[in-house]
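First up is the structure itself, then whatever we jot down about it.
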Amino acid sequence: MHRPRWIPADVNLDRPNPARILDYFLGGAHNFAVDRAAAKKAVQAMPEVANGMRASRSFLRRAVNCLVEAGVDQFLDLGSGIPTVGNVHEIAHRIAPAARVVYVDNEPIAVAHSRTILGNNPLVAPVRADLRHPDSVLNLPQVREMIDFSRPVGLIAIAVLHYLPDADDPHGLVEAYRDALAPGSYMAISHATVDFVPEGQLGAVSQVEGIYRQISAQLHPRPYGEVAKFFTGLELLDPGVVPVRQWRSEWSDQNEGKVHLSYGGVARKP
């Protein structure tokens, strides 16, 4: 196939990638036929998947807008994927053109794409690092150059923590990041759940999980109590931890005929 200019030379075009699959679901142009094929398999197994991913991205937009309006002008985005189709810097810069954003991802393909797409934007820095090592992430030179941790930070963890098994202690990791933030900082988190999936559709969930396992992206949906625990020690903004479609949504039909697939919440560090 013809290799477009934005594709880094070391990127394998024959293996689907979670970040590019998300890009496809969001209507982006940074995905390949192999990604679209994997996405279509997931939708065939569970049609709600596509709308669920779009709902999570819409939540990201509302959350970042909320934080910028609260005065936050620097963001650390964990598990950022490919920064296309309404990602943090695009959202923040509409209101605060000088806002700084660091995108952190451990996936080399996502980081390679990010560096190609973002170019030399001085306000945005894509870095390759593993969010499971907070001290390493927080002390990266690129992170320290971009973010002043003596001031409020917007920490973003959208649709990433459900890729971490309990053995990685995701709650402890979030606590470590929380403790590094200055008072007045915020955390925005969304996380997959099967709390609202009818029993008859749980088999479809297993099929989707199987598709992601094939591309080395194990999913770990969690119930409400486990998601709410991520906000321990923080002051939740209204309406609290709710399905992402319900978090300050402008749509009146946010529940009608839809299966909620993820929780979301935004909280402030006192």
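Since the model is a prediction, treat every value here as computed from it, not as a measurement.
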Does Gln218 reach the main-chain N or O of Tyr163 with its side chain, forming a donor-acceptor pair under 3.5 Å? no

Look only at the side chain of Ser136 and the backbone of His133, and say whether a donor-acceptor pair between them is shorter than 3.5 Å. no

Quick one: does Val244's side chain get under 4.5 Å of Leu261's, heavy atoms only? no

Does Tyr224 offer a backbone N or O that forms a donor-acceptor pair with the side chain of Asp195 under 3.5 Å? yes

Who pairs with Arg100 by salt bridge (charged side-chain N to carboxylate O under 4.0 Å, His left out), at least two apart in sequence or on another chain? none

Do Val104 and Leu164 share a hydrophobic cluster, counting only Ile, Leu, Val, Met, Phe, Trp and Tyr and linking them when any side-chain heavy atoms are less than 4.5 Å apart? yes

Are the side chain of Gln142 and the backbone N or O of Pro126 linked by a donor-acceptor pair below 3.5 Å? no

Within a strict 4.5 Å, meaning less than it, do heavy atoms of the Ile147 and Val102 side chains meet? yes

Any chain of hydrophobic side-chain contacts (each under 4.5 Å) joining Phe149 to Leu123? no

Between Ser190 and Ser56, is there a donor-acceptor pair closer than 3.5 Å when you use the side chain of the first and the backbone of the second? no

Answer yes or no: is there a donor N or O on one side and an acceptor on the other, between the side chain of Ser185 and the main chain of Val153, under 3.5 Å? yes

Kindly indicate whether the side chain of Gln246, heavy atoms from C-beta on, has any atom under 4.5 Å from the side chain of His260. yes

Just by distance, no angles: are the side chains of Arg62 and Asn65 close enough, under 3.5 Å, to form a donor-acceptor pair? no

Any salt bridge between Arg178 and Glu175, counting N to O under 4.0 Å? yes

Taking the ring of Tyr103 and the ring of His89, is the distance between their centroids below 6.0 Å? yes

side-chain contact (heavy atoms from CB on, under 4.5 Å) between Val137 and Asp130, intermediate numbers included: CA-CA 7 Å; Val137 171; Asp130 192 331; 5.9 Å; no

Check: Leu138 main-chain N/O paired with Arg144 side-chain donor or acceptor under 3.5 Å: yes

Would you confirm whether the ring centroid of His171 sits within less than 6.0 angstrom of the ring centroid of Phe230? yes

Can a donor-acceptor pair be found, under 3.5 Å and without considering hydrogens, that links the side chain of Glu90 to the backbone of Asn87? yes

Expected output: side-chain Tyr177 to main-chain Leu131 donor-acceptor under 3.5 Å: yes

Donor-acceptor under 3.5 Å (Arg222 side chain, Leu161 main chain): yes

